[in-house]
Enquirer: 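Starting off with a structure, shown below.
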Protein chains: 2
Amino acid sequence: MAKLTARQAEVLEFIETARDAEGAPPSLREIAARFGFRSPNAARDHVRALERKGALTTRPGRARGIGAGPGRPRTVRIPRFGTVPAGFAEGREQDAEGCVVIDLDTLGFTPGPRTFALQVRGDSMVGRHILDGDIVICEHGRTPRHGDVVAALIDHESTLKTFVREGPRARAWLRAENPAYPRLLPAAELVIQGVVVGLVRRRI
Amino acid sequence: MAKLTARQAEVLEFIETARDAEGAPPSLREIAARFGFRSPNAARDHVRALERKGALTTRPGRARGIGAGPGRPRTVRIPRFGTVPAGFAEGREQDAEGCVVIDLDTLGFTPGPRTFALQVRGDSMVGRHILDGDIVICEHGRTPRHGDVVAALIDHESTLKTFVREGPRARAWLRAENPAYPRLLPAAELVIQGVVVGLVRRRI
DNA sequence: TCAGATACTGTACACAAGTACAGTATTCTT
DNA sequence: AAGAATACTGTACTTGTGTACAGTATCTGA
């Protein structure tokens with residue numbers, strides 16, 4: 001990518017910021033108004049230069065077609081629950097408490113319709129470096145392997161546990177990763193809601 | 001928020017998905033085309049109903065003014081570095097390796113221009129539940145307090161350490177949180193680049 | 001030194017897109 | 001049973017917006 005001039009970097013920064021804030025990229029005249037240009041063409045020249053240098057792409061003829069950079073981080077929204085209900089209807093964001101929005105690069109994988117987020121309560125998984133208040137990303141329906149951290153419904157509340165199966169035909173157990181909770185629960189009697197595949201921690 | 005009909009939920013889902021994918025919300029005619037409507041007013045009726053029910057807001061008169069929901073998660077982009085250079089120029093995303101995009105609700109605070117992300121290398125902070133490969137969010141310029149995890153430049157590489165200062169006038173130290181690295185380093189001789197305030201873990 | 005890129009002003013045009021008004025059939029609620 | 005909301009069709013108007021063409025001044029690299 002060719003180097004941008006100071007002015008071009010300013011314009012690019014405004015475009016990205018405006019799209020993040022407004023939900024749509026600015027029009028050429030909005031760019032012109034922001035920088036005091038008296039002609040929409042001043043903004044257009046900058047956009048064309050940015051496009052030529054690979055900093056963004058445009059969709060010709062479309063209103064607000066600028067701003068979609070080729071390396072633009074693509075974000076996904078993952079519904080977040082306090083406690084996942086037993087059924088886990090596919091209705092998705094219906095009764096979710098909110099959404100986790102994150103870009104695919106950082107997340108590391110592409111979530112599906114059965115991916116959800118869960119706020120962790122309790123410190124039963126400190127041994128796996130998952131703390132109280134963390135938000136874990138889970139995949140529903142994936143078959144858990146030995147050592148995976150899973151979300152299970154215990155006493156009408158989602159709790160994280162380690163999935164333990166010593167051999168291919170051995171019985172599966174759930175184990176808390178905290179000496180204070182030495183319980184070992186048979187996995188077959190519980191509803192495993194998802195396998196933990198990611199984590200977000202805030203306010204450390 | 002009033003309950004949405006199945007059709008309205010479909011339209012809302014399309015609007016959100018299209019904006020995530022394209023970077024701009026769809027026009028009324030694009031919605032109509034997606035659902036096979038022969039009139040842009042069919043889409044407009046749905047958008048008005050969704051607006052009336054509080055599912056989204058519109059900016060009248062603006063092209064692609066729909067899709068900005070009131071509870072729409074506002075995202076921020078935080079430049080991500082492999083190793084933070086000593087100077088840490090304010091130029092921001094210039095030499096960043098990428099961006100972490102995340103919504104403010106999940107992040108838990110509003111980042112400033114001196115907020116950056118760092119990929120963790122090594123397991124020197126497992127005692128604080130920060131693992132190799134984690135991405136930590138740091139704030140540059142904030143004064144570290146006792147117990148904070150900080151990013152410090154040691155041997156031309158950013159490393160995480162715990163900031164230790166026993167009393168108000170005591171000397172500050174940096175401590176690794178791993179028995180294998182028992183080194184205690186004087187903080188004054190090192191460049192503290194930022195205080196860790198968040199974390200993202202992937203591919204657990 | 002000279003061509004090209006940068007950084008604009010100014011006017012005008014064509015199309016994309018929001019909007020208005022009129023109308024129909026079905027479903028839901030009271 | 002009545003009224004409102006839902007879920008559209010169809011046409012037309014107006015504005016927002018991308019685009020084209022013409023022109024000026026400054027700066028930068030070959």
Side-chain angles (χ1 to χ4, degrees), chain A residues 1-16 18-19 21-69 91 94, chain B residues 1-19 21-70 91 94:
Chain A
M1 185 168 108
K3 202 169 188 306
L4 304 182
T5 68
R7 198 63 161 161
Q8 286 167 0
E10 269 188 279
V11 173
L12 179 61
E13 174 76 15
F14 171 69
I15 291 172
E16 303 286 1
R19 197 186 44 201
E22 307 291 338
S27 68
L28 292 175
R29 283 167 181 83
E30 285 169 355
I31 299 172
R34 159 66 180 76
F35 290 97
F37 303 154
R38 294 167 163 272
S39 166
N41 265 345
R44 186 159 206 268
D45 281 353
H46 278 118
V47 170
R48 288 184 96 95
L50 288 167
E51 190 180 12
R52 182 167 43 78
K53 291 183 176 179
L56 50 79
T57 60
T58 65
R59 296 180 295 170
R62 306 263 266 273
R64 299 181 188 271
I66 59 174
Q94 298 294 5
Chain B
M1 186 167 110
K3 203 170 186 304
L4 303 182
T5 68
R7 197 61 160 160
Q8 286 166 1
E10 269 188 279
V11 174
L12 180 62
E13 175 75 16
F14 170 70
I15 291 172
E16 303 286 0
T17 305
R19 197 186 43 200
E22 307 291 339
S27 68
L28 293 175
R29 283 169 181 82
E30 284 170 355
I31 299 173
R34 159 65 179 77
F35 290 97
F37 303 153
R38 293 167 162 271
S39 166
N41 265 345
R44 187 160 205 266
D45 281 353
H46 277 118
V47 169
R48 288 183 96 95
L50 288 168
E51 190 181 13
R52 183 166 44 77
K53 291 183 176 180
L56 50 77
T57 60
T58 65
R59 295 181 296 172
R62 308 262 263 271
R64 299 181 190 271
I66 60 173
Q94 298 293 3

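A note on names: the letters A, B, ... follow the listed sequences, proteins ahead of strands, and every chain is numbered from 1. For the numbers below, each heavy atom of this structure counts, side chains included, while hydrogens, waters and symmetry mates do not.
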Enquirer: Just N and O in the side chain of B:H46: are any of them under 4.0 Å from OP1 or OP2 of D:dT6?
Expert: no

Enquirer: Starting at the 5' end of DNA chain C and moving along, which residue's nearest nucleotide shows up first, B:R29 or A:P40?
Expert: A:P40

Enquirer: Within the structure shown, what part of the strands sits under 4.0 Å from B:A42 by heavy-atom distance: base, sugar-phosphate, or nothing?
Expert: base

Enquirer: Can you tell me if the side-chain N/O atoms of B:K53 get under 4.0 Å from OP1 or OP2 in D:dT6?
Expert: yes

Enquirer: Tell me the interatomic distance from B:L50, atom CG, to D:dA7, atom C1', rounded to whole angstroms.
Expert: 13 Å

Enquirer: Check the pair A:H46 / A:F35 against ring-ring contact (aromatic ring centres under 6.0 Å, His included), numbers first and verdict last.
Expert: CA-CA 12 Å; A:H46 278 118; A:F35 290 97; 7.4 Å; no

Enquirer: Between D:dG18 and A:R62, is there an OP1 or OP2 to side-chain N/O distance shorter than 4.0 Å?
Expert: no

Enquirer: To the nearest angstrom, how far is A:R59 atom CZ from C:dA16 atom P?
Expert: 14 Å

Enquirer: Report the distance from atom CD1 of B:I31 to atom P of D:dT9, rounded to the nearest whole Å.
Expert: 14 Å

Enquirer: Is there a side-chain contact between B:L12 and B:E16, using heavy atoms and a 4.5 Å cut-off?
Expert: yes

Enquirer: Would you indicate whether B:R48, at its atom CZ, is surrounded by more than 12 heavy atoms from other residues, nucleotides or ligands within a distance under 6.0 Å?
Expert: no

Enquirer: Check the distance between C:dG18's P and B:I15's CD1 and give it to me in whole angstrom.
Expert: 11 Å

Enquirer: Please check if the number of heavy atoms outside A:R38 that lie under 6.0 Å from its CZ is greater than 12.
Expert: no

Enquirer: Does a side-chain N or O of B:R64 approach OP1 or OP2 of C:dA17 to a distance below 4.0 Å, or not?
Expert: yes

Enquirer: Any side-chain N or O of B:R7 under 4.0 Å from OP1/OP2 of D:dC8?
Expert: yes

Enquirer: Indicate whether OP1 or OP2 belonging to D:dA7 is found under 4.0 Å from a side-chain N or O atom of B:Q8.
Expert: yes

Enquirer: Specify the separation, in whole Å, of atom CG of B:L28 and atom P of D:dG16.
Expert: 15 Å

Enquirer: Mind calculating the distance between CZ (A:R48) and P (D:dG18) to the nearest angstrom?
Expert: 12 Å

Enquirer: Would you please confirm or rule out a distance under 4.0 Å between OP1 or OP2 of C:dG18 and any side-chain N or O of B:R44?
Expert: no

Enquirer: For A:N41 and for A:R52, locate the closest nucleotide of DNA chain C by heavy-atom distance; then report the residue assigned to the nucleotide nearer the 5' terminus.
Expert: A:R52

Enquirer: Separation of A:I66 atom CD1 from C:dA16 atom C1', in whole Å?
Expert: 15 Å

Enquirer: Does a side-chain N or O from A:T5 land closer than 4.0 Å to OP1 or OP2 of C:dA7, or not?
Expert: yes

Enquirer: CG of B:D45 versus C1' of C:dC21: gap in Å, rounded?
Expert: 12 Å

Enquirer: Both A:S39 and B:G61 contact DNA chain D. Taking the nearest nucleotide for each, which residue is further toward the 5' end?
Expert: B:G61

Enquirer: OG1 of A:T5 to NZ of A:K53: how many Å apart, nearest 0.5 Å?
Expert: 5.5 Å

